[in-house]
Amino acid sequence: MLANGGNREQARSYTKNIMTQSIFTPGQQALRKGRFSETGRIYHVTSATFQRLPIFDNFRAARCLVAEMRAVQEDGWVNTLAWVIMPDHFHWLIEQGSRDLPRTLQRLKSRSAIGINRLCRISGQVWQRGYYDHALRHDENIHKVARYIAANPLRAGLVKSLGDYPHWDAIWL
């Protein structure tokens with residue numbers, strides 16, 4: 001029996017259902033028609049929690065998401081350049097690796113939801129459907145985008161110094 005009251009078969013079924021569902025609403029699917037993600041391309045991705053609940057005010061829930069981001073990187077799906085986890089969303093600057101962007105985000109959100117539900121002894125939806133992504137143009141300054149991402153806690157008034165915020169990183173540090 002799992003901590004949230006389910007068993008392993010229920011967890012597998014949940015994962016299978018999440019992985020086969022479209023992560024986009026019909027309107028989002030229409031916008032993405034003809035789009036594809038490129039290996040080696042830099043993307044700025046943002047995704048929000050379900051109903052913008054401040055799930056990541058919980059330190060352990062935030063670290064669960066970090067662990068899943070690292071797992072995606074270790075498996076070669078992305079190369080992480082910078083990230084920040086805010087109370088109700090995250091920003092992630094990545095270089096796309098071996099898998100396409102929709103599959104990457106589907107994996108991250110599915111596995112982190114399972115982990116967060118188990119860790120917090122809750123059940124239910126963790127993430128809003130879909131996500132926002134921006135493919136950086138070749139002339140865009142990657143460092144400027146990374147600084148924008150890292151400075152989110154400052155702009156939100158969560159801390160006075162970025163060094164006081166525990167949920168961010170960038171490869172240039």
Check: Would you say the side chain of Asp169 lies within less than 4.5 Å of the side chain of Val66, judging by non-hydrogen atoms?
Finding: no

Checklist line | Derivation of the side chain to side chain contact (heavy atoms under 4.5 Å, CB included) call for Arg103 and Trp77 | finding: CA-CA 9 Å; Arg103 180 71 57 191; Trp77 289 35; 3.7 Å; yes

Check: Taking side chain as C-beta onward, heavy atoms only, is Val126 less than 4.5 Å from Ser112?
Finding: no

Check: Has the side chain of Ser98 got a donor or acceptor atom that lies under 3.5 Å from a matching backbone atom of Gly76?
Finding: yes

Notebook entry, point to check: Are any of the side-chain heavy atoms of Trp92 and Ser47 separated by less than 4.5 Å?
Noted result: no

Next item on the list: Please name the pair of heavy atoms, one in Leu136 and one in Glu140, separated by the smallest distance, quoted to 0.1 Å.
Entry: CA-OE2, 3.2 Å

Margin query: Under the rule for ring-ring contact (aromatic ring centres under 6.0 Å, His included), what residues qualify as partners of Trp127, not counting sequence neighbours?
Written below: Phe56, Phe90

Check: Got a sec, which pairs hit salt bridge (charged side-chain N to carboxylate O under 4.0 Å, His left out) with one end in residues 64-78, sequence neighbours left out?
Finding: Asp75-Arg107

Notebook entry, point to check: Are Thr80 and Leu93 side-chain neighbours, meaning at least one heavy-atom pair lies under 4.5 Å?
Noted result: no

Item checked: Residue pairs passing the salt bridge (charged side-chain N to carboxylate O under 4.0 Å, His left out) test where at least one lies in residues 45-59, sequence neighbours excluded -> Arg52-Asp88

Next item on the list: Taking all non-hydrogen atoms of both residues into account, name the closest pair between Trp83 and Ile149 and its distance.
Entry: C-CG2, 3.9 Å

Check: What are the two closest heavy atoms between Glu38 and Tyr43, and how far apart are they?
Finding: N-OH, 3.0 Å

Notebook entry, point to check: With His89, which residues qualify under ring-ring contact (aromatic ring centres under 6.0 Å, His included), at least two apart?
Noted result: His91

Notebook entry, point to check: How far does CG of Leu158 sit from NE2 of His167, to the nearest 0.5 angstrom?
Noted result: 10.0 Å

Next item on the list: Supply the atom-to-atom distance Leu81 CG to Gln73 CD, rounded to the nearest 0.5 angstrom.
Entry: 8.5 Å

Item checked: Pairwise distance SG(Cys64) to CD1(Ile116) - rounded to 0.5 angstrom -> 5.0 Å

Next item on the list: Compare all side-chain heavy atoms of Leu105 with those of Val45 and state whether any distance is below 4.5 angstrom.
Entry: yes

Margin query: Going by side chain to side chain contact (heavy atoms under 4.5 Å, CB included), name the residues that satisfy it together with Lys160, two or more places apart in sequence or in a different chain.
Written below: none

Next item on the list: Flag yes if more than 12 heavy atoms outside Arg60 fall under 6.0 Å of its CZ atom; otherwise flag no.
Entry: no

Margin query: Is there a side-chain contact between Thr39 and Arg99 in this structure, where contact means two heavy atoms from C-beta onward sitting under 4.5 Å apart?
Written below: no

Check: Side-chain donor-acceptor pair under 3.5 Å between Gln96 and Thr104, yes or no?
Finding: yes

Check: Do Val78 and Glu95 have side-chain heavy atoms sitting under 4.5 Å apart?
Finding: no

Notebook entry, point to check: Can you name the nearest heavy-atom pair linking Asn117 to Gly124, along with the distance?
Noted result: ND2-O, 3.0 Å

Notebook entry, point to check: Do the non-hydrogen side-chain atoms of Pro153 and Met86 ever get within less than 4.5 Å of each other?
Noted result: yes

Next item on the list: Could you name each residue pair satisfying ring pair (Phe, Tyr, Trp, His ring centres under 6.0 Å) that touches residues 139-164, not counting sequence neighbours?
Entry: His143-Trp172

